[in-house]
Structures are given as structure tokens and as C-alpha cells.
Amino acid sequence: MSNTELERATITGADLGGYEVERAVAGTFASRKTADPAECAPAMEAVGGSSGFAAIARIARIISPKDHRPGAYMTLSSHSPGRAEQVLDALRTAAERCKTFRDIQADFDYEAVQLRPDPGYGDESLSLRLTQLVSYEDEEPIRVPYAVVAVRQGATVAIFTNFHRPDGPNGREPADVPNAIIKAQLSKLSELAAAK
């Protein structure tokens, strides 16, 4: 799928009542982030909506609620069919093997990585939760709960992430990605595929 087609297949505020959808910057290159242990990099990359695989096209959106519901950060990446499967395979393997890891560049630690039951979206999907630890000198780390849902629909990979602000109303509760956002995006992808 070209960048133009991917843009047409991306949700807007008109597709999603109660939310605003804003453009965000996304490159097609493979993520160069490094993790310790290195095998955990796919889980860390997914938190930022990326992967260790270059994409044919990639776009990003910030989806913000107009009320107090949770929102999401989303990337859509177009790949060759085999490569799209590799993106999800790498993320699944990292989530299964890594319970804790460190983002070397950002100097963040992650803990409590949990691969959750398959949410059943698209051709294949996976869901994970993890906690980011933001440390300041001589202070207790701030724990930020994150949720990641990755979906492959054909050769397109959608990655949705959300987190809870520690000082917000849901601070210590597990984060979730709203089902309405995921379903609206997958529906729009399906419409474009059916129109071809």
C-alpha cells in the first residue's frame, strides 16, 4: 500500500465520534533503538509505534478524546506480506521472553511486561501491558502503565498505544486501548481493500 493509499485508509475525526485525530510525524525507516537485553527491542519499539523493520509507508496519528475517556497513539505501516508477519512475530517473541528491559537511549526501564490474550482483531493481533519507570536522582521511580495492541490486516500493521499519567485519575490502574478506536481503524482499512 502506497503512502497515498495509507492516508486514505486512516481514520479522521469524522470516522470516530467523540475524538480528535491529529497528524504526527512517522518515518519509514526501521527503528534504531537499542534495548538491554537486545532481544527485548521489539517490545520497546512498539511502545513508540514502530518496529525494527523498514516500511513501504508509515503514518502516525494522535487520537484524543473530547471527554475523559482514554485516547491512543497510532501508527499504520505498509509492508510486504511476509514482512508484516515478521513484525508481529518479533513483538510476540519479545513480549513472551522479556519481563523487564531497559531503553538504552532514553534511559528508561520497563517492567511487568505481560502478553495478554489475543484480542482477535484483523488477520492476527496481540496485546501487551507493561510499566515504564521514569527515574530521577534520589527519588522513587515514577511508574507509568502502558498498553500496546498490534494488529496485522493483510500487509498493513497497526500499532496502538496508550498510557496513564501517574498523577491522573487512573494513575496506577492498567492502561487500555479503546476498542472503538481499533475497530474504527480496521473497518476503514477493510473498506479500502474492498474498494480495490
Side-chain angles (χ1 to χ4, degrees), residues 9-11 15-16 18-19 31 33 35 37 39-53 55 60-63 65 68-77 79 81-103 108-133 143-166 168-190 193:
T10 303
I11 53 173
D15 303 306
L16 200 56
Y19 291 89
S31 172
K33 286 187 156 201
E39 67 180 359
C40 303
M44 181 188 64
E45 291 158 350
V47 170
S50 190
S51 75
F53 299 92
R61 296 291 185 266
I62 299 165
I63 303 161
H68 298 295
R69 291 175 293 177
Y73 174 76
M74 176 190 78
T75 58
L76 289 181
S77 303
H79 297 274
R83 184 56 54 86
E85 291 176 10
Q86 286 179 303
V87 173
L88 263 74
D89 287 345
L91 178 54
R92 187 178 293 108
T93 299
E96 286 171 347
R97 293 182 180 171
C98 301
K99 297 306 162 208
T100 63
F101 60 89
R102 171 175 281 265
D103 178 335
F108 290 149
D109 288 309
Y110 290 86
E111 66 176 19
V113 181
Q114 177 192 12
L115 184 62
R116 306 184 67 227
D118 181 351
Y121 296 118
D123 295 322
E124 64 174 317
S125 58
L126 62 90
S127 171
L128 63 115
R129 283 180 176 156
L130 63 168
T131 301
Q132 182 186 76
L133 276 66
R143 287 175 160 72
V144 184
Y146 268 84
V148 177
V149 176
V151 184
R152 180 181 66 80
Q153 192 148 304
T156 302
V157 175
I159 299 178
F160 304 86
T161 62
N162 185 31
F163 66 94
H164 283 161
R165 297 184 188 284
N170 302 315
R172 293 185 179 273
E173 293 177 21
D176 274 310
V177 177
N179 191 41
I181 294 175
I182 299 170
K183 285 194 164 180
Q185 180 55 71
L186 297 181
S187 176
K188 195 151 184 183
L189 272 172
S190 295

Does any part of the side chain of [Y], heavy atoms only, come nearer than 4.5 Å to the side chain of [X], both counted from C-beta?
{"X": "Pro145", "Y": "Arg129", "result": "no"}
{"X": "Thr131", "Y": "Val144", "result": "no"}
{"X": "Phe108", "Y": "Leu133", "result": "no"}
{"X": "Val87", "Y": "His79", "result": "yes"}
{"X": "Leu16", "Y": "Ile63", "result": "yes"}
{"X": "Gln114", "Y": "Arg116", "result": "yes"}
{"X": "Leu128", "Y": "Leu91", "result": "yes"}
{"X": "Ile159", "Y": "Met74", "result": "no"}

### Task
Anything under 30° is parallel, anything over 60° is perpendicular, the rest tilted; go ahead and classify Tyr110 against Phe101.
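Parallel, since the angle between the ring planes stays under 30°.
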Out of curiosity, [X] [atom1] to [Y] [atom2], how far, rounded to the nearest 0.5 Å?
{"X": "Ser51", "Y": "Lys33", "atom1": "OG", "atom2": "NZ", "value": "12.5 Å"}
{"X": "Glu45", "Y": "Asp103", "atom1": "CD", "atom2": "CG", "value": "9.5 Å"}
{"X": "Gln153", "Y": "Leu186", "atom1": "CD", "atom2": "CG", "value": "5.0 Å"}

### Task
Begin with the C-alpha distance, continue with both residues' side-chain angles, and end with the deciding distance and a verdict on side chain to side chain contact (heavy atoms under 4.5 Å, CB included) for Val148 and Tyr73.
CA-CA 10 Å; Val148 177; Tyr73 174 76; over 6 Å; no
Spell out, as yes or no, whether a donor-acceptor pair under 3.5 Å connects the side chain of [X] to the backbone of [Y].
{"X": "Glu96", "Y": "Leu115", "result": "no"}
{"X": "Glu111", "Y": "Thr100", "result": "no"}
{"X": "Ser187", "Y": "Lys183", "result": "no"}
{"X": "Asp118", "Y": "Gly120", "result": "yes"}

Which pair of heavy atoms, one from [X] and one from [Y], lies closest together, and at what distance?
{"X": "Ala184", "Y": "Asp15", "answer": "CB-O, 4.1 Å"}
{"X": "Ala60", "Y": "Thr75", "answer": "CB-CG2, 3.9 Å"}
{"X": "Pro70", "Y": "Asn162", "answer": "CB-ND2, 3.4 Å"}
{"X": "Gln185", "Y": "Ile11", "answer": "OE1-N, 3.0 Å"}
{"X": "Ser127", "Y": "Val149", "answer": "OG-CG2, 4.1 Å"}
{"X": "Phe53", "Y": "Ala90", "answer": "CE1-CB, 4.1 Å"}

### CA sep, side-chain torsions, deciding dist, call: Val151, Val157, side chain to side chain contact (heavy atoms under 4.5 Å, CB included)
CA-CA 6 Å; Val151 184; Val157 175; over 6 Å; no
### Task
Indicate yes or no: does Arg152 engage Glu124 in a salt bridge with an N to O separation below 4.0 Å.
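Here Arg152 pairs with Glu124 in a salt bridge, since their nearest N and O are under 4.0 Å apart.
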### Query
Among all residues two or more places apart in sequence or in another chain, which pass the side-chain hydrogen bond (donor to acceptor under 3.5 Å, both in side chains) test with Asp109?
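So Asp109 forms a side-chain hydrogen bond (donor to acceptor under 3.5 Å, both in side chains) with Arg102.
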#### Entry: Pair Arg97-Glu39, salt bridge (Lys or Arg N to Asp or Glu O under 4.0 Å): steps then yes or no
CA-CA 8 Å; Arg97 293 182 180 171; Glu39 67 180 359; 3.7 Å; yes
